[in-house]
Amino acid sequence: MTRELLHGRVGRRGTALLVFAVLDAVYAARLVTVDPGSQGFYAWLHECGPLWLWALPWVLVAVMCAHGAVGSACDKVAFAAAIGIKVLWASLYLSGWLLGDVPEGWVSASVWGAFACCVWLIAGWPEPINGRGHPPWTPPSE
């Protein structure tokens, strides 16, 4: 699907939600397939519950983002869920680091927190539309 076709159907905010849906689904797949002993964070999470259980919120958020992108309803819930899961993950990494169980967890906490801020910024932007129903400006095609 070309950029113009995608933007024409779901807009830029919807495109962002589709990107978040893919990211969240990929991360869920990672949690389901990873060896808990491969990384300190995964081992720490696995002590609280199996990693497939931790993957379920990621799948739920992925579905919410995909639905928010193409559904006719408001996309606020999808953006809130996309922000929430990333804040949760940042909090888990930070907690693991503060407890001494996840070395350098502050780095991943910072990355997930910054990404949550990016989603929050995108969520606050209006869909750019001119009188013809198209974005007023798009980057030139290469």
Side-chain angles (χ1 to χ4, degrees), residues 1-130 132-139 141-142:
M1 195 176 263
T2 67
R3 178 181 52 186
E4 293 81 18
L5 181 59
L6 185 62
H7 282 226
R9 295 213 175 169
V10 299
R12 289 180 186 225
R13 291 168 53 90
T15 302
L17 283 173
L18 290 175
V19 169
F20 302 146
V22 170
L23 171 80
D24 296 347
V26 167
Y27 201 81
R30 171 68 174 164
L31 289 171
V32 170
T33 60
V34 71
D35 173 22
S38 68
Q39 191 182 71
F41 179 68
Y42 295 138
W44 182 70
L45 276 183
H46 190 66
E47 289 178 15
C48 300
L51 293 181
W52 66 264
L53 192 60
W54 288 100
L56 293 179
W58 286 94
V59 170
L60 178 62
V61 172
V63 169
M64 292 172 73
C65 287
H67 184 272
V70 299
S72 60
C74 183
D75 59 8
K76 288 180 185 177
V77 173
F79 276 109
I83 294 166
I85 193 72
K86 289 151 190 70
V87 168
L88 170 65
W89 228 243
S91 301
L92 286 170
Y93 266 105
L94 188 60
S95 297
W97 176 67
L98 290 172
L99 293 171
D101 296 327
V102 182
E104 298 189 20
W106 64 274
V107 175
S108 293
S110 299
V111 171
W112 283 110
F115 193 40
C117 288
C118 290
V119 176
W120 175 72
L121 287 171
I122 293 168
W125 291 339
E127 189 67 48
I129 299 197
N130 65 15
R132 294 179 305 242
H134 297 287
W137 181 85
T138 54
S141 299
E142 295 179 25

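Listed by first and then second residue, the salt bridge (Lys or Arg N to Asp or Glu O under 4.0 Å) pairs that reach into residues 39-66 come to none, sequence neighbours excluded. Note on residues 48-64: no pairs pass salt bridge (Lys or Arg N to Asp or Glu O under 4.0 Å), not counting sequence neighbours. For residues 80-89, the salt bridge (Lys or Arg N to Asp or Glu O under 4.0 Å) pairs, not counting sequence neighbours, are D24-K86.
L88 contributes atom CG, which lies 8.0 Å from atom CH2 of W58 (distance to the nearest 0.5 angstrom). Note that CG of L92 is 5.5 Å distant from CH2 of W44, once rounded to the nearest 0.5 Å. To the nearest 0.5 Å, atoms NE2 (H46) and CD (Q39) are separated by 14.5 Å.
The backbone N or O of P126 lies less than 3.5 Å from no partner atom in the side chain of R13, so there is not a single donor-acceptor pair. Panel note: side chain W54, backbone L45; a donor-acceptor pair is recorded below 3.5 Å.
The two atoms that bring I122 and A16 nearest to each other are CG2-CB, 3.8 Å, heavy atoms only. Summarising the geometry of A28 relative to V59, their closest heavy-atom pair is CB-CG2, 3.5 Å, with the distance given to 0.1 Å. Here the closest heavy-atom approach between residue A82 and residue C65 is recorded as CB-SG, 3.8 Å. G14 and A69 get closest at one heavy-atom pair: O-CB, 3.3 Å. Here the closest heavy-atom approach between residue W120 and residue I83 is recorded as CA-CD1, 3.6 Å. In terms of heavy atoms, V87 sits closest to A116 at CG2-CB, 3.7 Å.
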May I have the step-by-step check of side-chain contact (heavy atoms from CB on, under 4.5 Å) for W112 and Y93, ending in yes or no? CA-CA 9 Å; W112 283 110; Y93 266 105; 3.8 Å; yes
Before giving the answer on side-chain contact (heavy atoms from CB on, under 4.5 Å), spell out for V32 and L51 the whole-Å C-alpha distance, their side-chain angles and the decisive distance to 0.1 Å. CA-CA 6 Å; V32 170; L51 293 181; over 6 Å; no
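The shortest distance between side-chain heavy atoms of P50 and L53 falls below 4.5 Å. Within the 4.5 Å cutoff, side-chain heavy atoms of L23 are placed close to those of F115. Using a 4.5 Å heavy-atom cutoff, the side chains of F20 and V119 are in contact. For the pair Y42 and D35, the minimum side-chain heavy-atom distance is 4.5 Å or more. Residues V22 and V19 are not in side-chain contact: their nearest non-hydrogen atoms beyond the backbone lie 4.5 Å or more apart.
The environment of E104 atom CD is sparse: at most 12 non-hydrogen atoms of other residues, nucleotides or ligands sit within 6.0 angstrom.
Ring to ring, Y27 and W89 are close: their centroids are under 6.0 angstrom apart.
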